[in-house]
Amino acid sequence: MTVQPSPAVVAAQQAQARLDECLGNSQNFRLEAGAGAGKTYSLVAALKKIISESGPALIHAGQQVACITYTEVARQEIANEIEEHPAILVNTIHGFGWAFISRFQKTLRELVAAHEPYSEAIEAAGGIQDQQVDYNLGFFGIDEKRITLNHDDVPRFLAAMLANTKFKRIFKSLYPVLFIDEYQDTDPLVMSALADHFFAPGDGPITGLFGDHWQTIYRKDHALLDLPNVERIDKGSNFRSVPVIVDVLNRLRPELVQEVNDVDGQGEARFFHTNLFAGARVDSRNGKQELPEDSHAASIERVRQTLKDEGWDFDPARTKILMLTHNAIAAERGYPNIARIFDRNEAFAKKEDAAIAFLADTVEPICTAYKAGNYGEMFRLTGGIPTIRKTADKAQWQADMDALIALRDTGTIGELIDHLKGTRRPRLSDRVVHREDEIAKLGPEPTEDEPKSLKRYRELRNVPYRELIAVTDFINGFTPFATQHSVKGAEFENVLVILSGGWNHYNWPQFFELLTTAKITDKNTGGFHRCRNLFYVAVSRPKKRLAVLATQALGNAAMEAVTHLFKTENVVALPM
């Protein structure tokens, strides 16, 4: 008996056939693959096809297929799948960009000289002569022998070189085929350079873009990019979720209908709301009609208990709770002092504060990589592999990192920063150094006319560092798609999504209302698309069970959208 392929497999095969046709016709393409579609599978399959058909010829000609990824984890996954084949160069945008631009030292010096923000430092260093330009520290610096580039300089200078006819020709001669994974997250300058200088004139390498514009992390890049001479291929498959969840996704996104893999798969997709709450709700600048703090916590616990009674297993290995917006329950989250110090949640929730940003985006990922034994990732985050000439150098590195890890558990934020001032592993950001210098000049005690920002910083230094870890965990849980990508691409058996007020970039009642009214204006389009993308990524994580809880009051138009997405029988008014 012949087993027929599932609808998802059929849709995937159709998309792959179109992709292969584009490669055969030297046609640029964009594979638009929704959540659970198997984007990486399509990318790897295309690479294997090129290896099979053209691998030896590419090697003989001294050429490679360039495959640019967004993260080191993705790079390693793809490289493993193709067994590190020499005809394929898989690298992150920074790794790839630096490998290309570093060979053109004279041009790099010219680009540095023309970059206005560096003019003061260049003048102070005596100007640009014939210094070696390096990129291994991640911050800009210049002296009489060397220039070091900032992280952002790599894509910036790569984009500038791609606008030059000479470098375009060199690029294409080295990389006749270019694949970009997660194209929607690619640096805007690089993507614009490709569109203007490769796609529009039609004389660049064959380029394949793989991604999903509904999963973008750039707040302003909401619409599908209008890229000239790029064939669009929709991959209408979902290999992750059961039909009832895919139905929600298809109603939310009817222009990219997904076919399921298991048509008989059982699961659930429900939406809980708190419109029955009869007490006084809370209105703030960042959230209207929110539940009071105690009722907010009680509503989450009530939904959790309801789901547990119905068989949900809340073991973290099986169930993920996504907090998509900030709320006032900082004490139970584990960072009461940080919440008290800052007047606005955004200062730490959006990492507007210099110290919070440095510790959350630099120190914590480095410590995570070190504890996991992922030293390659650790050195990448610190800016490059250090100079280790003897065993003592290695021992010192280990001792410094062990001390850093210990301070995370027992020390204050100030003690950890003081440790980093001594070890420079990692080097403090310029903004934190500036804060430290200001405090050093003013003395250990605050003065009457001291700026409020410095007073806050003094208080922050005395906070146990474990609160910073809790803040970072919370940030990564409620905005994983904006910076850390800790959830995007992941999947879980069950997912509970909490939609609350408290962050002005996400207005959930308005989002659902606009789904019904479609009254998208210049004023609200940014907020609508931010909510849409975050909501889409969150509700597409589960394999079997999805539950959503909205703690703000939802009006009639909003409830109409909720009912359309989840259907009447799956919309539950939570008893309050």
Side-chain angles (χ1 to χ4, degrees), residues 116-121 124 138-141 150-152 219 284-287 325-331 333-367 404 407-408 411-424 426-476 478-479 482-484 501-506:
E116 194 277 333
Y118 294 159
S119 58
E120 186 176 333
F139 60 91
F140 178 74
N150 182 281
H151 285 303
D152 293 339
R219 285 192 181 136
S284 67
R285 183 171 64 90
N286 296 331
T325 45
H326 191 70
N327 56 60
I329 318 174
R333 301 273 179 257
Y335 50 91
N337 291 298
I338 291 179
R340 174 185 54 79
I341 289 170
F342 292 98
D343 297 334
R344 300 179 304 115
N345 291 334
E346 286 91 335
F348 61 90
K350 287 173 54 184
K351 295 176 286 190
E352 292 176 354
D353 178 79
I356 297 289
F358 167 69
L359 296 171
D361 287 346
T362 301
V363 174
E364 281 306 289
I366 287 171
C367 290
L404 178 62
L407 280 172
R408 290 173 71 251
T412 64
I413 290 176
E415 288 171 340
L416 187 136
I417 288 175
D418 290 341
H419 171 76
L420 295 182
K421 283 196 291 189
T423 66
R424 298 169 67 86
R427 181 182 181 271
L428 294 176
S429 70
D430 291 342
R431 294 170 66 197
V432 174
V433 169
H434 181 65
R435 289 268 180 89
E436 290 289 322
D437 289 345
E438 286 183 304
I439 285 181
K441 291 176 184 176
L442 292 173
E445 297 298 327
T447 60
E448 289 187 8
D449 57 348
E450 189 170 278
K452 192 174 182 179
S453 60
L454 276 187
K455 291 180 180 178
R456 278 199 302 264
Y457 185 68
R458 289 185 189 273
E459 288 188 74
L460 186 64
R461 281 181 53 89
N462 293 324
V463 171
Y465 189 83
R466 292 195 63 82
E467 288 201 22
L468 187 282
I469 297 174
V471 164
T472 305
D473 288 344
F474 183 76
I475 290 171
N476 291 346
F478 83 91
T479 58
T483 51
Q484 299 299 331
W503 198 18
N504 60 1
H505 280 289
Y506 296 94

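Bear in mind the structure is a predicted one, so any value in this text is a computation, not a measurement. We count residues from 1, following the sequence as given.
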**Report entry** Note, Leu404 side chain near Thr423 side chain (heavy atom, < 4.5 Å)
**Finding:** no
Roughly how far, to the nearest 0.5 Å, is the [atom2] atom of [Y] from the [atom1] atom of [X]?
| X | Y | atom1 | atom2 | value |
| --- | --- | --- | --- | --- |
| Leu460 | Leu454 | CG | CG | 12.0 Å |
| Ile366 | Asp361 | CD1 | CG | 11.0 Å |
| Phe342 | Ile356 | CZ | CD1 | 5.0 Å |
| Thr472 | Glu467 | OG1 | CD | 11.5 Å |
| His419 | Leu407 | NE2 | CG | 6.0 Å |
| Leu359 | Leu420 | CG | CG | 8.0 Å |

Requested in this report: Take Thr412 and Asn462 through the side-chain contact (heavy atoms from CB on, under 4.5 Å) test and state the conclusion after the steps.
Outcome: CA-CA 6 Å; Thr412 64; Asn462 293 324; 5.6 Å; no
With sequence neighbours excluded, what pairs up with [X] under the side-chain hydrogen bond (donor to acceptor under 3.5 Å, both in side chains) test?
| X | result |
| --- | --- |
| Lys455 | none |
| Arg458 | Glu450 |
| Glu364 | Arg408, Tyr465 |
| Glu436 | Lys421, Tyr457, Arg461 |

Mind listing the closest non-hydrogen atom pair of [X] and [Y] along with its distance?
| X | Y | value |
| --- | --- | --- |
| Val432 | Ala354 | CG2-O, 3.9 Å |
| Pro426 | Phe358 | CG-CZ, 4.2 Å |
| Pro365 | Ala360 | CD-O, 3.2 Å |

Report task. Kindly write out the residues that satisfy salt bridge (Lys or Arg N to Asp or Glu O under 4.0 Å) with Arg466, not counting sequence neighbours, or none if the list is empty. Result -> Asp409
**Report entry** Non-neighbouring partners of Tyr118 that pass ring-ring contact (aromatic ring centres under 6.0 Å, His included), sequence neighbours left out
**Finding:** His115, Phe140
